[in-house]
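Report on the following structure.
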Protein chains: 2
Amino acid sequence: MSSPTHSKKETPINPFVRVREDHATELAEDYLELIEDLIEQSGEARAVDIAAAMGVRQVTVTKAIGRLKRDGLVTAAPYRSIFLTDQGKQIAKRARARHHTVLGFLVALGVDPEVAEIDAEGIEHHLSPPTFIAMQKFIEQQPAVA
Amino acid sequence: MSSPTHSKKETPINPFVRVREDHATELAEDYLELIEDLIEQSGEARAVDIAAAMGVRQVTVTKAIGRLKRDGLVTAAPYRSIFLTDQGKQIAKRARARHHTVLGFLVALGVDPEVAEIDAEGIEHHLSPPTFIAMQKFIEQQPAVA
DNA sequence: TCCAATTTGTAGCCTAGGCAAACTTTGATG
DNA sequence: CATCAAAGTTTGCCTAGGCTACAAATTGGA
Ligand SMILES: [Mn+2]
Ligand SMILES: [Mn+2]
Ligand SMILES: [Mn+2]
Ligand SMILES: [Mn+2]
C-alpha cells in the first residue's frame with residue numbers, strides 16, 4: 001500500500017487548530033521541566049515551590065499534578081514531593097532543550113536575555129521542526145559575541 | 001511624586017504569568033483580524049465562514065462573538081453578519097501588522113512560507129516590544145531574496 | 001515530646017472555550 | 001408566495017485551569 005493509513009499524528013493544516021493543539025500540551029511541558037529543575041536545585045519538587053514559580057496558588061498546582069498523574073507523566077503521593085515518570089523525564093528533557101535553543105536564538109537576534117527568557121516561555125510551544133532547525137542554524141552562524 | 005501609582009498595566013516579571021495574559025487576549029485578536037479579512041474578501045463576516053476558518057463549530061463561534069460583543073469589540077444582531085467596533089478595528093489592525101511582520105521574519109529566516117504561516121499564528125501573541133523590533137530589524141537587514 | 005507554622009488536601013465556585021442535538025430564522029427558488 | 005436547505009440560536013454538556021475558604025497532615029524548633 002502507498003501512504004500508510006496511520007503515520008504519526010496528522011499535522012493539522014489549519015493554523016488555529018495547530019495553536020490549540022500546542023496549548024493543550026504546553027502546561028505539561030512547562031510543569032515537567034520545572035519539576036526537574038526543582039529536583040536538581042533543591043533536591044525535591046514541592047507544590048509550594050511549583051506554585052511560586054508558576055505564579056499560581058497551590059491548589060491550582062494540585063489539580064495540574066492530578067492531570068499529569070492521570071496522564072502517566074508524574075508520580076505523587078499525598079503530602080509527599082513529586083517525581084517524574086520515565087515518560088515525564090523524556091518530555092522534560094525535550095522541553096528543556098527546546099527552551100534553551102529558543103532562548104539562545106532570541107539572544108543571538110539581539111534581544112536582552114531577561115526579555116528573551118520571558119518571550120521564549122510562550123514561543124517555544126509554537127515551533128514546527130523546520131522553524132526550530134532554522135533557529136539552530138542561525139545560532140551556529142552567529143559570530144561569537146565579543 | 002516619583003513613579004506614578006498606575007502606569008499602564010504592570011508587565012509581569014514571571015514568564016508564566018505573561019504567557020497566561022498573552023493567551024487571554026489571543027482569541028479576540030485572531031477573531032477580529034479574521035472578521036476584517038472576511039469583510040474585505042467577501043463583503044461580510046458570517047459565523048459559518050469564521051467557523052470554517054478557525055476549525056471550530058458554529059456554536060463555538062456564537063459564544064466567542066458573544067464575548068467580543070460583551071467586551072465592546074464587535075456588534076452583531078441575531079441572524080445578521082458581524083461588524084467590528086472602532087476599538088475592534090484598532091485591535092485587528094495591530095494584530096494584522098504584527099502577524100505580517102512575524103510571517104516576514106520567519107520567511108527571512110529561511111522557513112517555508114506555508115510552515116511560517118502556521119507557526120506565526122501562535123508565536124505572534126508572545127512577543128515583547130523589543131523582540132518584535134528585533135524581528136523588524138532583521139527583516140530590513142536581510143538582502144532582498146533573488 | 002509537642003505544638004504551631006507550614007504545607008497539602010477538599011469542597012465549591014468561576015470563566016473560557018470546546019462539543020452535539022434540537023429548534024428557529026432567513027432567503028433563494030420553483 | 002410557499003417551500004426548504006442553509007445558517008444561526010438555544011440548551012445542555014464537558015474539560016482545563018484559575019480562585020477562596022477551610023480542614024487536615026506534616027515537621028521543625030522550643
Ligand atoms: Mn513555556
Ligand atoms: Mn501560545
Ligand atoms: Mn494568532
Ligand atoms: Mn494572526
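By convention in this document, chain letters (A, B, ...) are assigned in the order of the sequence lines, proteins followed by strands, and residues within each chain are numbered from 1.
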Of all the nucleotides listed ([options]), which has the minimum atom distance to the side chain of [X]?
X: A:Y79; options: C:dA16, C:dT7, D:dA16; result: C:dT7
X: B:R70; options: C:dT8, C:dA16, D:dA7; result: C:dA16
X: A:R67; options: D:dA16, C:dT8, C:dT26; result: D:dA16

Item checked: B:H23 ring center near B:H125 ring center (under 6.0 Å) ->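 No, ring centres 6.0 Å or more apart.
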Specify the separation, in whole Å, of atom [atom1] of [X] and atom [atom2] of [N].
X: B:I82; N: D:dT9; atom1: CD1; atom2: C1'; value: 13 Å
X: B:D71; N: C:dG17; atom1: CG; atom2: C1'; value: 14 Å
X: A:E26; N: C:dA16; atom1: CD; atom2: P; value: 19 Å
X: A:R20; N: C:dA16; atom1: CZ; atom2: C1'; value: 13 Å
X: A:Q58; N: C:dG9; atom1: CD; atom2: C1'; value: 11 Å

Taking only side-chain N and O atoms of [X], does any of them lie within less than 4.0 angstrom of OP1 or OP2 on [N]?
X: B:R57; N: D:dT10; result: no
X: A:R80; N: D:dT27; result: yes
X: A:T60; N: D:dC19; result: yes
X: B:T62; N: D:dG8; result: no

Note to self: Closest-nucleotide mapping onto DNA chain C: is B:L27 or B:V59 further toward the 5' terminus? I mean the 5' end.
What the structure shows: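 The answer here is B:L27.
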Checklist line | Proximity to DNA chain C (any heavy atom under 4.0 Å), residues of residues 28-55 of chain B only | finding: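 Within this stretch, nothing sits under 4.0 Å of the strand.
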Next item on the list: Determine, using the 4.5 Å side-chain heavy-atom cutoff (strictly less than), whether B:F138 and B:L103 are members of one ILVMFWY cluster.
Entry: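 Different clusters.
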Notebook entry, point to check: For the hydrophobic clusters of this structure (ILVMFWY residues joined by side-chain heavy atoms under 4.5 Å, transitively), does one cluster hold both A:L127 and A:I139?
Noted result: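 Yes, same cluster.
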Are any of the side-chain nitrogens in [X] or [Y] under 4.0 Å away from the carboxylate oxygens of its partner?
X: B:R98; Y: B:E29; value: yes
X: B:R96; Y: B:E36; value: yes
X: A:D71; Y: A:R67; value: no

Next item on the list: Would you mind telling me which of A:L84, A:I82, A:V74, A:V61 makes a side chain to side chain contact (heavy atoms under 4.5 Å, CB included) with A:Y31?
Entry: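 When A:L84, A:I82, A:V74, A:V61 are each tested with A:Y31, the side chain to side chain contact (heavy atoms under 4.5 Å, CB included) holds only for A:V61.
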